[in-house]
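FYI, the numbering just counts along the sequence from 1.
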Amino acid sequence: MTDVLISASELADLLKTEPCVVIDTRNPDAYAAGHLPNAVNVHEIFTFLATSTPEGISELKTKFADAFGAAGLSGKETAVIYEQSMNSGFGQSCRGYYLLTMLGYPKVKVLHGGFDAWAAAGLPVTKDVPTPAKASFAIVPEAGEILIDAKTMLAAVGKPGIAILDVRDVDEWIGDSSSPYGKDFCPRKGRIPGAVWLEWYRMMKPTAEGPRFKSKDEILAECATVGITPSTPVYLYCFKGARASNTFLALKNAGVKDVRMYFGSWNEWSRDPSLPIEQGLPIASEVTTKAA
């Protein structure tokens with residue numbers, strides 16, 4: 001799992017030898033209290049809500065190409081993204097990795113263990129705010145195939161061979177809550193029909209230093225419990241694409257070949273009454289599929 005995740009000590013070495021742009025996805029207060037040297041704060045990586053319309057997808061791409069260009073990413077630098085810790089920001093650093101990958105950026109790393117790992121290693125922290133030189137950020141259109149829209153997700157419902165994977169918290173999966181922001185944040189509770197469930201936390205395990213991603217074999221073992229193999233096409237969703245980005249990184253690193261994400265996720269799906277949902281406990285004989 002060395003290709004995307006980078007440890008604090010490895011990053012300290014990389015910063016000395018290669019051009020890097022470090023991006024802090026935390027809220028501005030956390031960033032102001034102390035961050036990695038030269039890190040640029042791009043909190044919108046976490047907060048932006050995507051919609052699946054052609055206009056929405058175009059806006060998503062333009063917005064983040066502009067934001068990453070403003071942070072100094074030209075394609076020559078390694079983008080390094082971090083959050084506070086791997087389980088404190090709902091996968092927000094991984095959401096940055098997913099966005100950069102979806103835009104076709106060639107070199108992306110996620111700081112494994114986040115800011116906490118960096119600070120625990122006694123590495124330098126600063127309050128100085130850099131002024132990055134704006135770069136021209138090029139979008140690679142075909143890289144966007146890892147982003148699927150509501151129409152594509154709907155077409156996958158009931159289709160054998162495609163695993164629709166829900167990685168939300170258990171109260172969302174059983175339809176007790178509509179979101180991590182409150183039970184009734186969205187108009188409908190439930191899940192996409194036919195989805196299987198692996199809570200995003202299961203891609204990680206506790207260590208003395210905080211949560212870390214499981215090994216490749218451990219992640220494949222988790223996938224096997226819901227019938228996913230390295231050759232299964234997987235369509236991921238969560239609430240707004242952050243927790244699913246954490247799982248996206250885990251699955252790609254473990255060698256699952258075709259992983260895509262419905263980035264609009266439950267935030268969008270639940271607001272469109274024409275889209276079908278399953279409600280109640282996911283027990284095969286009792287599940288009813290209906291558009292509420």
Side-chain angles (χ1 to χ4, degrees), residues 1 3-12 14-15 20-50 64 67-68 71-73 78-103 105 107-121 123-127 129-130 167-169 179-181 199-207 209-214 236 238-253 261 263 265:
M1 289 183 65
D3 50 339
V4 176
L5 297 168
I6 188 167
S7 72
S9 58
E10 288 167 343
L11 176 57
L14 185 73
L15 292 173
C20 295
V21 170
V22 181
I23 295 173
D24 184 318
T25 63
R26 299 174 302 159
N27 69 50
D29 290 346
Y31 174 79
H35 48 263
L36 272 64
N38 295 313
V40 183
N41 190 208
V42 189
H43 188 48
E44 286 170 331
I45 282 171
F46 180 58
T47 57
F48 186 85
L49 292 174
F64 284 103
F68 291 134
L73 286 171
T78 298
V80 181
I81 310 186
Y82 71 89
E83 58 189 285
Q84 188 71 33
S85 67
M86 297 323 291
N87 68 341
S88 63
F90 295 104
Q92 68 192 61
S93 59
C94 304
R95 197 181 201 243
Y97 156 70
Y98 175 81
L99 287 166
L100 281 162
T101 305
M102 184 269 296
L103 293 168
Y105 198 77
K107 296 184 281 190
V108 189
K109 300 280 187 191
V110 169
L111 175 56
H112 201 187
F115 179 82
D116 287 354
W118 181 269
L123 291 160
V125 170
T126 184
K127 292 184 181 180
V129 177
V167 303
R168 297 173 300 161
D169 296 1
S179 85
Y181 304 103
E199 199 168 13
W200 71 292
Y201 289 118
R202 283 173 62 180
M203 298 299 131
M204 299 179 289
K205 60 185 176 185
T207 73
E209 290 82 40
R212 296 291 185 272
F213 278 96
K214 292 178 175 176
L236 289 168
C238 60
F239 179 71
K240 65 173 186 183
R243 291 170 291 178
S245 293
N246 180 288
T247 306
F248 178 87
L249 187 158
L251 267 52
K252 291 303 288 181
N253 258 344
M261 199 199 314
F263 202 62
S265 282

**Request:** Of all the heavy-atom pairs spanning Phe263 and Gly241, show the shortest one and how long it is.
**Result:** CE1-O, 3.8 Å

**Asked** Does Leu100 reach the side chain of Leu73, with side-chain heavy atoms less than 4.5 Å apart?
**Response** yes

**Fill in**
Rounded to the nearest 0.5 angstrom, the CD1-CG distance for Ile6 and Leu14 is 4.5 Å

**Item:** Check: Thr25 main-chain N/O paired with His43 side-chain donor or acceptor under 3.5 Å
**Value:** yes

**Asked** Nearest heavy-atom pair of Arg243 and Pro180: which atoms, and what distance?
**Response** NH2-CG, 3.4 Å

**Asked** Yes or no on side-chain contact (heavy atoms from CB on, under 4.5 Å) for Val4 and Val110, after CA distance, side-chain angles and deciding distance?
**Response** CA-CA 6 Å; Val4 176; Val110 169; 4.1 Å; yes

**Item:** Which atom of Met204 lies closest to which atom of Asn87, heavy atoms considered
**Value:** CE-CB, 4.5 Å

**Asked** Less than 4.5 Å apart, any side-chain heavy atom of Pro28 and any of Asn41?
**Response** yes

**Asked** Nearest heavy-atom pair of Leu123 and Ala12: which atoms, and what distance?
**Response** CD2-CB, 3.8 Å

**Message:** Within this structure, what is the CD1-NZ distance for the pair Ile23 and Lys109, rounded to the nearest 0.5 Å?
**Reply:** 15.0 Å

**Request:** May I ask you to decide if Pro124's main-chain N or O and Trp118's side chain share a donor-acceptor pair within less than 3.5 Å?
**Result:** yes

**Heavy-atom check, side chain of Thr247 versus side chain of Met261, under 4.5 Å** = no

**Asked** Hey, mind stepping through Leu36 and Leu11 against side-chain contact (heavy atoms from CB on, under 4.5 Å) and telling me if it holds?
**Response** CA-CA 11 Å; Leu36 272 64; Leu11 176 57; 3.8 Å; yes

**Request:** With rounding to the nearest 0.5 Å, note down the distance linking CG in Leu249 to CE in Met86.
**Result:** 7.0 Å

**Message:** Within the structure provided, determine whether His35 and Thr126 are in side-chain contact (heavy-atom separation under 4.5 Å).
**Reply:** yes

**Student check: side-chain heavy atoms of Leu99 and Phe68 closer than 4.5 Å** = yes

**Message:** Within the 4.5 Å heavy-atom criterion, are Phe90 and Lys240 side-chain neighbours or not?
**Reply:** no

**Request:** Verify the distance criterion only: is there a donor paired with an acceptor across the side chains of Lys252 and Tyr97 at less than 3.5 Å?
**Result:** no

**Request:** Check Gly72 against Val21 and note the closest heavy-atom contact, atom names and distance.
**Result:** O-CG2, 3.5 Å

**Item:** Residue pair Arg95 / Phe46: nearest heavy atoms and the distance that separates them
**Value:** NH1-O, 3.4 Å

**Prompt:** Hey, does the side chain of Glu83 reach the backbone of Gly114 with a donor-acceptor pair shorter than 3.5 angstrom?
**Reply:** no

**Prompt:** Is there side-chain contact between Asp169 and Tyr201, with at least one heavy-atom pair below 4.5 Å?
**Reply:** yes

**Asked** With a 4.5 Å heavy-atom cut-off, do Cys238 and Trp200 have their side chains touching?
**Response** no

